[in-house]
S.K.: 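Here it is: the structure, laid out below.
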Amino acid sequence: MPTISLTAGTIDYTDTGGDGPVLVLLHGVNMDASLWRRVVAEVAPTVRCICPTLPLGSHRRPMDRPELVTHRGVAALVGELLDALDLREVTLVANDWGGVQFLVADGPTDRIAGLALVACEAFGNFPPGKPGKAVAMSARVPGVLWLSMQLQRFGWFRRAPGAWGWMSKYPIPGEVMDAWFRPAQQDRAIRRDLRTFALSTPSKAELRALPSRLASFDRPVLVAWAREDKLMPPSHGPRLAALFPRGRLVEIDDSYTLVPEDQPRRLAAELVRFVTTEVRGPRP
């Protein structure tokens, strides 16, 4: 797996290569680039897919500057990644983690041609639902984050209602989740990064100010929302799409938050259609 050194530290990423439109696919907390494996399998070779493993608890390399592992810091890291790989006319795709909205609001956005927000944090829903709040709470008490990561070894805990059982409607393969949780289970420095991020929830004032700043992003935006989502309120999809001058809402059936796991084929089709007809289509 290729790596790239950024200000915060070195991250892993995958790159399918090719000359097609570029998707940069972003995951949430305690996940890695493999969240997108089934979507990537569907869209390649039509588009080039770059999937970084962000320092959100499933990364294998502790960050050199852990103080930068915040919502805004990780958003800035994504922008730095685009620069470092010299990516242009990129469509950013984010699922679960909504912090990429800070990159769109604060810039720079000159390399971004489109944005797809897939069942993600928005408005005041940072961190999202019971699972997100549980991680944030465990980060505040010494030893509890370690304990919660160890409990993720057990299938009954992973699929418990109100925990990861609300993240995906259908079970995620055990070996995939093992890889997601192993770094934070085994490496104190990874837990340090995860703790820093979990304690960086933007203030209520920042979250109230964010929507009005997003309205300045005038490129195509696809908002894909899961109708049965238990973590991201159903009303947030239409509200989020309405913020952007060129926003469009698609609702996904038979899925919870992790649409790339529950409905990869449907999501892949929507992303290809979005990139080929709206992002690369006629400009207004």
S.K.: Any chance you could measure Leu258, atom CG, to Asp229, atom CG, to the nearest 0.5 Å?
M.R.: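 Interatomic distance, Leu258 CG to Asp229 CG, rounded to 0.5 Å: 9.0 Å.
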S.K.: Specify the closest pair of heavy atoms between Gly9 and Asp64, including all atoms of both residues, with the distance to one decimal.
M.R.: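 That would be CA-OD2, 3.6 Å.
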S.K.: Could you go step by step and tell me if Asp15 and Arg48 meet the salt bridge (Lys or Arg N to Asp or Glu O under 4.0 Å) rule?
M.R.: CA-CA 7 Å; Asp15 185 352; Arg48 176 185 176 188; 2.7 Å; yes
S.K.: Taking all non-hydrogen atoms of both residues into account, name the closest pair between Arg158 and Gly174 and its distance.
M.R.: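 Of all heavy-atom pairs spanning Arg158 and Gly174, the closest is NH1-O, 3.6 Å.
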S.K.: Checking Trp180 now: which residues fulfil ring-ring contact (aromatic ring centres under 6.0 Å, His included) with it, not counting sequence neighbours?
M.R.: Trp164
S.K.: Is there a donor-acceptor pair closer than 3.5 Å between any side-chain N or O of Ser34 and the backbone N or O of Arg37?
M.R.: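 Absent.
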S.K.: Applying the salt bridge (charged side-chain N to carboxylate O under 4.0 Å, His left out) criterion to Lys169, which one of Asp262, Asp254, Asp253 satisfies it?
M.R.: Asp254
S.K.: Under the side-chain hydrogen bond (donor to acceptor under 3.5 Å, both in side chains) rule, what pairs show up with a residue in residues 71-81, not counting sequence neighbours?
M.R.: Thr7-Glu80, His71-Trp97, Arg72-Asp106, Arg72-Glu206
S.K.: Nearest 0.5 Å, please: how far is CD1 in Ile50 from CG in Leu85?
M.R.: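 The distance works out to 5.5 Å.
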S.K.: Can you confirm whether more than 12 heavy atoms, excluding those of Arg265, are under 6.0 Å from its CZ atom?
M.R.: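 No, not enclosed.
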S.K.: Checking side-chain polar atoms at under 3.5 Å, does Thr3 have a donor or acceptor matched by the opposite partner on Thr10?
M.R.: no
S.K.: Does CG belonging to Asp19 count more than 12 external heavy atoms closer than 6.0 Å?
M.R.: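 Open.
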S.K.: To the nearest 0.5 Å, how far apart are CD1 in Ile172 and CE in Met177?
M.R.: 4.5 Å
S.K.: For Arg219 and Thr91, test the side chains for any donor-to-acceptor distance below 3.5 angstrom and give the result as yes or no.
M.R.: no
S.K.: For Val279 and Gly114, work out which heavy atoms get closest and say how close.
M.R.: CG2-CA, 4.1 Å
S.K.: For Thr196 and Pro66, which heavy atoms make the closest approach, and how far apart are they?
M.R.: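 Looking at all heavy atoms of both residues, the shortest contact is CG2-O, 3.3 Å.
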S.K.: Does Gln101 use its side chain to pair, donor to acceptor, with the backbone of Gly98 at less than 3.5 Å?
M.R.: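 Yes, Gln101 side chain to Gly98 backbone: donor-acceptor pair under 3.5 Å.
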S.K.: Looking only at heavy atoms, which two atoms of Arg239 and Phe123 are closest? And how far apart?
M.R.: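 Looks like NH2-CD2, 3.3 Å.
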S.K.: Applying side-chain contact (heavy atoms from CB on, under 4.5 Å), name anything that partners Val250, two or more places apart in sequence or on another chain.
M.R.: Leu222, Arg248, Ile252, Arg266, Glu270
S.K.: To check you understand the geometry: which heavy-atom pair defines the closest contact between Asp218 and Pro245, and what is its length?
M.R.: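 Smallest heavy-atom distance, with atoms named: CA-CG, 4.4 Å.
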S.K.: Only one of Met31, His27, His59 passes side-chain contact (heavy atoms from CB on, under 4.5 Å) with Leu54; say which it is.
M.R.: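 Testing Leu54 for a side-chain contact (heavy atoms from CB on, under 4.5 Å) against Met31, His27, His59 leaves exactly one candidate, His27.
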